[in-house]
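Some notes on the structure that comes next.
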Amino acid sequence: MKKIAERIKQVKETISAACAKVGRDPAKVKLVIVTKSASIEDIEKVIRLGYTELGESRVQQLKKVSTQIADFIDSDKNKSKLPEKINWNMIGHLQRNKVRQVLPTISLIHSVDTLRLAEEINTAAAKLNLKPKILLQINTSNEPQKYGVPVGAAIHLAEQIETLPNLTLKGLMAMAPLTRNKDAVRACFIRARELFVEMQGERVTGTQFQELSMGMSSDYEIAVEEGSTIVRIGSAIFAS
Ligand SMILES: *Cc1c(COP(=O)(O)O)cnc(C)c1O
């Protein structure tokens with residue numbers, strides 16, 4: 001138990017230090033704990049520690065783990081000590097034919113990058129009487145990334161998404177390229193933040209457009225320095 005608790009503490013200290021460096025309030029950076037490489041026992045430890053923002057990148061795994069964790073919370077004898085509800089973040093690519101399955105479980109979808117996917121979520125949400133929160137995933141690297149809307153097309157897509165009544169567009173998500181070149185990573189995060197600020201300024205989006213999801217285990221320090229409001233951390237907490 002101590003090990004995971006200590007690793008989370010270390011991540012939070014790194015976030016605080018990065019905030020201090022640039023004069024940000026660490027309370028404005030949310031930690032999503034990515035459980036895709038964790039055992040159920042480890043996830044239960046995280047929940048016992050009181051963390052409720054968890055992330056998964058694949059639909060099958062999300063369904064499986066969220067069900068197991070819901071059972072764990074239900075069956076725990078000391079229920080009062082456990083959080084009542086887990087907020088599941090869908091951080092990976094979402095196929096349109098999987099939308100209906102995950103919608104009831106998910107509190108924030110980080111990876112919306114096409115109008116067709118947004119429309120599918122909107123239609124499914126209307127049927128389920130839900131209003132899911134979503135982020136627009138943008139491609140800020142100069143290399144061709146598999147997913148994410150190109151920066152130049154993001155504002156237009158956001159405008160289209162804003163017309164879909166059952167979606168709440170909360171902000172942007174970006175991933176840096178997998179490289180040791182810290183300048184390249186930082187350049188990506190700067191581009192994302194600039195787009196984020198531009199979109200807020202032009203009011204293409206509503207006042208709820210407040211979240212900038214960027215930063216993983218290898219680069220969250222830089223992401224926080226560049227304005228991230230949500231970091232998605234897995235291996236720094238769970239890797240052996
Ligand atoms: C796996 C994953 C993460 C977490 O990555 P770590 O390097 O384990 O911290 C964050 N975001 C996305 C989209 C992921 O797929």
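Here the structure is a predicted model, which is why all the values come from computation and not from measurement. Atoms within a ligand are numbered from 1 in the order they appear, just like the ligands themselves.
- Between Gln137 and Ser111 the shortest side-chain heavy-atom distance falls below 4.5 Å.
- Within ligand 1, the atoms closer than 4.0 Å to a non-hydrogen atom of Ile233 are 9 (O), numbered from 1 in the order shown.
- The protein heavy-atom contact nearest to atom 13 (C) of ligand 1 is Ile91 O, 3.4 Å.
- Remark: minimum distance from atom 14 (C) of ligand 1 to any protein heavy atom is reached at Lys36 NZ, 3.0 Å.
- Scanning the protein heavy atoms around atom 9 (O) of ligand 1, the nearest turns out to be Ser217 OG, 2.5 Å.
- With respect to the salt-bridge test (charged N to carboxylate O, under 4.0 angstrom), the residues Arg186 and Asp183 do not qualify.
- Atoms of ligand 1 found under 4.0 Å from any heavy atom of Met175, numbered from 1 in the order shown, are 13 (C).
- No donor-acceptor pair closer than 3.5 Å links the side chain of Asn89 to the backbone N or O of Ile91.
- A salt bridge links Arg193 to Glu226: one of the charged nitrogens lies within less than 4.0 Å of a carboxylate oxygen.
- In terms of N/O distances under 3.5 Å, ligand 1 is not approached by Ala236.
- Nearest protein heavy-atom contact of atom 4 (C) of ligand 1 is Arg232 O, 3.5 Å.
- Protein heavy atom in closest approach to atom 5 (O) of ligand 1: Met216 CE, 3.4 Å.
- Under a 4.0 Å N-O distance rule, the pair Glu225/Arg24 does not qualify as a salt bridge.
- Checked for salt-bridge contact, Glu120 and Arg116 miss the test: no charged N lies under 4.0 Å from a carboxylate O.
- The shell of residues lying under 4.0 angstrom from ligand 1, judged by heavy atoms, excludes His110.
- Screening Val204, Leu169, Leu157 for a side chain to side chain contact (heavy atoms under 4.5 Å, CB included) involving Glu162 leaves a single residue, Leu169.
- Atom 8 (O) of ligand 1 has its closest protein heavy atom at Ser235 N, 2.7 Å.
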